Amino acid sequence: MNKEKINRDLADLFREAKEILARNTSPLIDRHREEAYRHFTSQGGIPANTEEYRHANLLPLFDRDYHVALNPRPLHVTPGDLFTCNVPALDTRHRFTINGWPVNNPGEPTELPGGVIACSLSDAAKYYPRLVEQHYNRHATTPPRDPLVQLNTAFARDGIFLHVPDGITLDKPLQIVNLMLGNNNNIMSFQRDLIVIGKGATATILACDHTLSDHAFLANNVTEIALDENASIQYYQVQNQHSAAARVHSTCITQERQSRLDANIITLHGGYTRDNLLVTLRGEESQCNLHGIYLPDKQQQVDNHTIVDHAAPRCQSNELFKGILDDHATANFTGRVIVRPGAKKTSAYQANHNLLLTNTARVNTRPQLVIDADDVKCTHGATVGQLDDDATFYLRSRGIPKEEARLMMMAAFAREITGKVHLAPLREQLDDLLEKRLRGELSKCHDNLLHCKRST
Amino acid sequence: MDKNQDNILDEFTRGEYKHGFVSDVETETIGKGLNEEVVRLISRKKEEPEWLLEFRLNAYRHWLTMKMPAWAKLDIPPINYQEIIYYAAPKQAGKRSWEEVDPELKATFDKLGIPLDEQKILSGVAVDAVMDSVSVKTTFKETLAERGIIFSSFSEAVKEHPDLIRRYLGTVVPYTDNYFAALNSAVFSDGSFVYIPRGVRCPMELSTYFRINAAKTGQFERTLIVADEESHVSYLEGCTAPRRDENQLHAAIVEIIVERDAEVKYSTVQNWYPGDKEGKGGIYNFVTKRGICRGERARLTWMQVETGSAITWKYPGTILKGDHSVSEFYSVAVTNHHQQADTGTKMIHIGNNTRSRVVSKGISAGQSSNTYRGLVKVAKECRDARNHSQCDSLLLGDRCGAHTFPRVDVANPSARVEHEATTSKIGEDQLFYCNQRGISTEDAVGLIIKGYAGDVISKMPMEFAVEAQKLLQISLEGSVG
């Protein structure tokens, strides 16, 4: 694994791609590339053994041959044929992407009720330049600039754009379905989503990540979310990919006064999954709730990395991440709460709990508090353990078989997170998926992709 | 926070450094700077055997290849290692008879409240007093020797018990361990050596008192404690330095070996000169302390009260190798004015059924920065390890910082590891409660802090608990959050 070689290859790619990218992208997006790439290289390129990416081991993932999709691939099928969401009762608006490219109708995007815009980022740059200029790459640049976010900014061309104007409530949840589909080759993609929620507006967003072919994938995606005053958003992210898929997703969120974020990061399956959740509480009295569950087995690795930056007084943050680890799985959690000088009356809570089911599973957890103001209340907790013997015994003494008792307890452990999902159909489906996953039925399905492709 | 509370906080955090005087003792120093010749010179002055010189030189050569680490949350001005004097000895030290020793030297330790005259000692503590680079006097040596206990300065031990030193030196903290460990291994001067033979319970507390006196010197002491099977010892360490405008470097190594069924209690009251209110001067305290529970059921307890030093950088840690071994870490770290502390512990679980417990209480005031950094590691082969860590921070004032960087690495599912931390100021509701029961705000703050640190102080040996309590009062009388 030669870090220099990988970085050299990326540099070559960037040089070659620059022209193609410039020709096809709006200057509003293109003008950030050089600077972002400079920040990427000044931090040593692909992070290896840095404090932020300590156990990440990204080099082997980047050291494969990928086709980097610099142009959208022509599509001969409608995405709905390739994939149907298996939450039947969920009434949502869909936006599909394939390998990071939005699947959209040509021409000017039609506005949804209330003047809501949900289209591709490139269309948005064309038809709503003011909005894109105002927000693009403004929320992903808070220091310390994450190198992989910078890499995305350097290469990104397109993604999903959502704007909910002031005072509007999005009538239906927006479902962003990200599909990965190889055509005889492995794919590396850089998707960039931008979500802007106006003053007092509310929205529910569900982002799903799936794989449709058994090629190796590497997605380095960024979602920027801007919450204006009094805005509120429920953001769900469900990831269910195959074992050769690697995905780094950074969600960069800026919150203005009295805004509220509820984020739920659900990681069901994937080879390597890393979620960076970078929240800046910039306005007073804003609130963010971050929840996550991960259930890796086999050789999977799940990293959750969160930074909640309290930059204004009287903000609240709650964070709870839970994991159940089986087989040879590895999970890393880093949660950093920063309280800036002057951010008084801050209340921050952070917890990470892990269940280890086998001798070979591994957890590294690093909850961190960096506090530079007084008059704050910050707590964090982390546990690593196994199922409680007494509780198992109690259930067995009531005639519940051992295996069933263990499942019940694991499901209960996980439901603390899924219980926070407000969308009832999604919650039920997630509980169902969780149970399947804990029974080992879901990973079976992943060995047989055909079976999953057209899941009901 | 109202005006009144502000005043109280001010008074509370204004505590003066009581040990800032300089003793007029004739001191023999070598020139400043560091090179192989200096390492050889120190070794020669100490009349050391060839193998120890070799150890020093290896360490020095390794140090040259290393870079000073920058990961700590500390703002350390660049240190010029060529500007430091690496050896300073009070001329009169090491005299065979106590009567011959310079009265000024005696007076120094008297002033510090360290009993070196055995007749005057009430508390029953054996003391090894170290000033700058040499040990001045070790008390009760003979009494202890009757039981086979070796308690002497490190240099003496090298001469009298070379086999023991050679067997244990560098086994817990190898010179390759870190930057300051390498530096210390190259130029270490004096320190204490303790050996408790098998089955012996040390009849009194052993104590080393470190004093920096000479200007522009660095202190590099080395402590080695070996508790053989089924033995028991309680060891205390204290340190002070004069008030000076320039910073002085202190880079020590402590190694502790605990064999089967033995128990070691290691307590520190660290009160190096912390610098003045503007952050001028003070000691840089970069210390590597580590113990190993080698045998089954070995037990090692760390207790520390950290109030001094301009910059503290230390992580006393335990390697729990023997099955059923236990380690505990209790710490109160107080930072005030411009002090910076990055401190915590490492618990490395290797043996089965090993247990560890961490209680760390940080108090930050003024413009100081106080960081807890900890590691709990459970090795793959280690079954049924248990750890509980609690690290709380208390903030007094709005310009100080309290940071927590714990790290939990678990590679075995049978481990139960828990970590919890809180950061807060003294609650207005707590103060109000005390006030309405007729307790003044100042008393209430004292009470709350006493209660806050009480978990740790109550675990300390009696003599130290008293000193620690007093220290807390000096630096933290009448606080409000």
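Worth saying up front: this structure is predicted, and the values here are computed from it rather than measured. Numbers restart at 1 for each chain; the letters A, B, ... are given by sequence-line order, proteins then strands.
- Looking only at side-chain heavy atoms (C-beta outward), B:F405 and A:V370 come within less than 4.5 Å of each other.
- For the set A:N332, A:I338, A:D372, the entry with the most heavy-atom pairs within less than 4.5 Å of chain B is A:D372.
- Proximity of a side-chain donor or acceptor of B:H419 to a complementary backbone N or O of A:G381 within less than 3.5 Å is not detected.
- By number of non-hydrogen pairs under 4.5 angstrom with chain A, the leading residue of B:S364, B:S424, B:A402 is B:A402.
- In this structure, the separation between CG on B:L375 and CZ on A:R366 is 11.0 Å, given to the nearest 0.5 Å.
- Counting heavy-atom neighbours within 6.0 Å of B:R355 CZ, excluding the residue itself, gives a total of 12 or less.
- At a threshold of 4.5 Å between non-hydrogen side-chain atoms, the residues A:K377 and B:T422 do not count as touching.
- Among B:K377, B:Q390, B:E420, the residue making the largest number of heavy-atom pairs under 4.5 Å with chain A is B:E420.
- Shortest non-hydrogen contact noted between A:D375 and B:K425 is CA-CD, 3.0 Å.
- The two residues A:P367 and B:P406 make their nearest non-hydrogen contact at O-CD, 2.5 Å.
- For A:L356 against B:N412, the heavy-atom pair with the smallest separation is CD1-O, 3.6 Å.
- A:P341 does not touch chain B: none of its heavy atoms, backbone or side chain, sits under 4.5 Å away.
- Looking only at side-chain heavy atoms (C-beta outward), B:R416 and A:T383 stay at 4.5 Å or farther from each other.
- Contacts of A:H55 with chain B are made by side-chain atoms alone, with heavy-atom separations under 4.5 Å and no backbone atom involved.
- A:R54 touches chain B through its side chain: at least one heavy atom from C-beta onward sits under 4.5 Å away, while N, CA, C and O do not.
- Of the two parts of A:T365, the backbone and the side chain both hold a non-hydrogen atom closer than 4.5 Å to a non-hydrogen atom of chain B.
- The heavy-atom pair separating B:D409 from A:R362 by the smallest distance is CB-NH2, 4.1 Å.
- Contact check for A:N364 versus B:V408: no side-chain heavy atoms found under the 4.5 Å cut-off.
- Here the NE2 atom belonging to A:H353 is positioned 10.0 Å from the CD atom belonging to B:E418, to the nearest 0.5 angstrom.
- For residues 310-325 of chain B, a heavy-atom distance under 4.5 Å to chain A picks out no residue at all.
- Heavy-atom pairs under 4.5 Å with chain A peak, among B:S414, B:C391, B:P413, B:C400, at B:P413.
- Salt bridge status for B:K73 with A:E51: absent, with no side-chain N to carboxylate O gap under 4.0 Å.
- Remark: side-chain polar atoms of A:Q386 are paired, donor with acceptor, to backbone N or O of B:A415 under 3.5 angstrom.
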